[in-house]
J.: 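The structure's right below; bear with me while I get my questions together.
Here is how names work: the chains are called A, B, and so on, in the same order as the sequence lines, proteins then strands, and each is numbered from 1. No hydrogens, no waters, no symmetry mates; every other heavy atom, side chains included, goes into these values. Not measured: the values here are computed from a predicted model.
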2 protein chains.
Amino acid sequence: MEPVRATIERYVVLSDAEWEEVAACWQERIFQKGAVITATDQVEAWFSIVKEGVQRIYFEHDGVEACIGFAYGGSWSGVYDSFISQTPSRFVLQAVSHTVLFSIGYADLQRLYKQFPVMERFGRLLLEEVVVARATREVEQLTMGAQERYDRLMARSPHLLQLVPQKDIASYLGMSAETFSRLRARR
Amino acid sequence: MEPVRATIERYVVLSDAEWEEVAACWQERIFQKGAVITATDQVEAWFSIVKEGVQRIYFEHDGVEACIGFAYGGSWSGVYDSFISQTPSRFVLQAVSHTVLFSIGYADLQRLYKQFPVMERFGRLLLEEVVVARATREVEQLTMGAQERYDRLMARSPHLLQLVPQKDIASYLGMSAETFSRLRARR
DNA sequence: AATTGCACTTGACCTACATCAAGAAGCTTC
DNA sequence: GAAGCTTCTTGATGTAGGTCAAGTGCAATT
């Protein structure tokens with residue numbers, strides 16, 4: 001449960017009384033490597049904080065997977081847009097490695113939002129971060145060629161190469177696995 | 001001032017007392033057609049609600065403009081990620097037509113967030129909408145070819161063609177003006 | 001109403017990256 | 001530890017859509 005409090009307190013400070021109420025809403029969920037956590041067309045029921053493991057979020061189109069993000073230790077995880085809108089997910093959330101999540105259900109989170117302004121604030125601040133991150137990603141996808149996108153990711157998150165298969169990183173960068181491989185080979 | 005209350009109340013309900021305090025923070029800003037509202041490298045100082053006119057938000061790279069969104073009547077406007085993070089904007093916000101905005105400054109909005117949980121809630125709900133919309137856009141850009149993206153926009157927002165130059169729509173759809181023109185010609 | 005300047009169109013050509021294919025190198029699993 | 005996956009590499013070929021260029025049309029400015 002500590003990762004939950006630590007993650008929330010990256011944004012706001014909770015009193016012990018608040019924390020007690022908040023903590024009661026979370027449950028641990030465990031997934032083995034490769035397991036689908038949330039499937040396409042399923043409404044995302046959980047907002048999660050990652051205790052252990054790496055997950056990827058992707059969608060499928062004409063039999064091709066396009067990865068749009070990863071989640072790992074200390075960060076949040078889930079199909080955020082499906083959770084927010086409570087509509088069927090276009091994405092799949094999958095455990096890349098053995099995964100332990102702390103999760104809170106939609107109704108519980110809404111209740112906490114209503115009950116504690118500080119949680120509403122947490123929700124807003126987290127979303128602000130998401131929005132800024134997605135804007136950065138959008139600019140990068142549009143302005144940079146395959147090579148520059150590769151270089152940038154390697155500079156910013158070289159550890160990713162250890163955590164997830166290259167094909168998923170390639171897809172995340174919006175290029176084929178072959179192109180990714182060739183960029184790596186070039187030195 | 002009515003558009004402000006109407007827009008906010010699409011998300012939350014304000015008591016008259018709350019509205020009085022909130023209303024006091026906004027000011028009217030007028031821009032003529034073509035004027036730059038927020039320039040690159042400038043920190044976005046305002047969050048705005050559109051009273052009149054159309055704006056586009058774009059960035060420049062190697063002398064090429066890439067349009068990433070539009071704003072018009074009753075919606076919000078501004079360089080959201082720069083405003084949120086209070087860091088220099090990578091984007092330009094420009095008045096496509098004669099524009100009247102109601103705007104609130106960063107400090108004032110932060111104060112309202114602190115003062116009124118209902119405003120915090122408004123902020124969260126608005127961001128949720130942004131996140132869902134950007135996720136949809138991302139999926140469309142990745143899964144669909146130029147023609148399908150064109151068809152989809154024409155089905156969803158045909159009015160856009162009357163409001164902004166085709167080159168901006170083309171750019172918004174992630175294609176050259178020439179490709180856009182050719183897609184229109186085909187019937 | 002002539003001038004200037006952008007937006008749009010249309011055609012010819014080009015290129016970054018995808019796709020296809022086939023082999024090599026890691027992993028699981030029994 | 002051999003069999004069978006899946007991932008990764010490397011080469012050959014294909015293509016959607018970009019870029020360049022040369023008009024055409026229209027609206028604003030004089």
J.: Search all heavy atoms of B/Ile68 against all heavy atoms of B/Tyr172 and return the closest pair with its distance.
T.: O-CE1, 3.4 Å

J.: So, for A/Ile30 and A/His98, which heavy atoms are closest and what is the spacing to 0.1 Å?
T.: CG2-CE1, 3.7 Å

J.: Please check if any side-chain donor atom of A/Ser171 sits under 3.5 Å from a side-chain acceptor atom of A/Arg56, or the reverse.
T.: no

J.: Does B/Ser181 make a side-chain N or O approach to OP1 or OP2 of C/dC8 shorter than 4.0 Å?
T.: no

J.: A/Arg182 has a side chain; which of D/dA12, C/dC17, C/dA12 sits nearest to it?
T.: D/dA12

J.: Could you identify which residues of residues 56-73 of chain B place a heavy atom less than 4.0 Å from some atom of DNA chain D, listed by residue number, or say none?
T.: none

J.: For A/Phe180 and C/dT19, what is the distance between atoms CZ and C1' respectively, to the nearest whole Å?
T.: 19 Å

J.: Do B/Arg124 and B/Glu120 meet the salt-bridge criterion of a basic N to acidic O distance under 4.0 Å?
T.: no

J.: A/Arg184 CZ to D/dT9 C1': how many Å, rounded?
T.: 10 Å

J.: May I have the distance from A/Met175 (atom CE) to D/dC8 (atom C1'), rounded to whole angstrom?
T.: 15 Å

J.: What do the steps show when you test B/Phe91 against B/Tyr58 for ring pair (Phe, Tyr, Trp, His ring centres under 6.0 Å), and what is the final call?
T.: CA-CA 5 Å; B/Phe91 303 105; B/Tyr58 68 93; 9.2 Å; no

J.: Could you give the CD-to-P distance, from A/Gln141 to C/dA16, as a whole number of Å?
T.: 18 Å

J.: Is it the case that B/Ser103 and B/Ser48 place a side-chain donor and acceptor less than 3.5 Å from each other?
T.: yes

J.: Separation of B/Gln166 atom CD from D/dC26 atom P, in whole Å?
T.: 13 Å

J.: Rounded to whole angstrom units, what separation is found between the NZ atom of B/Lys167 and the C1' atom of D/dG25?
T.: 17 Å

J.: Is a side-chain donor or acceptor of A/Ser181 paired with a backbone partner of A/Thr179 at a separation under 3.5 angstrom?
T.: no

J.: Examine the side chains of A/Ser89 and A/Glu44 and answer whether a donor and an acceptor come within less than 3.5 Å of each other.
T.: no

J.: Spell out, as yes or no, whether a donor-acceptor pair under 3.5 Å connects the side chain of A/Arg29 to the backbone of A/Phe102.
T.: no

J.: Could you state the atom-to-atom distance from CE of A/Met144 to P of C/dC17 in whole Å?
T.: 11 Å

J.: Could you tell me whether the side chain of A/Val79 reaches within less than 4.5 Å of the side chain of A/Phe83, counting heavy atoms only?
T.: no

J.: With B/Leu101, which of B/Glu28, B/Gln27, B/Gln55, B/Lys51 fulfils side-chain contact (heavy atoms from CB on, under 4.5 Å)?
T.: B/Gln55

J.: Where along nucleotides 21-30 of chain C does protein come under 4.0 Å, by heavy atom, of base (B) or sugar-phosphate alone (S), with - for untouched nucleotides?
T.: B------S--

J.: Compute the bend angle of the helix from C/dA1-D/dT30 to C/dC30-D/dG1 from the end axes (five pairs per end), rounded to 10°.
T.: 50°

J.: Calculate the interatomic distance between B/Leu183 atom CG and C/dT10 atom P; express it in whole Å.
T.: 12 Å

J.: Check every strand shown and say whether B/Gly174 touches a base, only sugar-phosphate, or nothing at a heavy-atom separation below 4.0 Å.
T.: sugar-phosphate

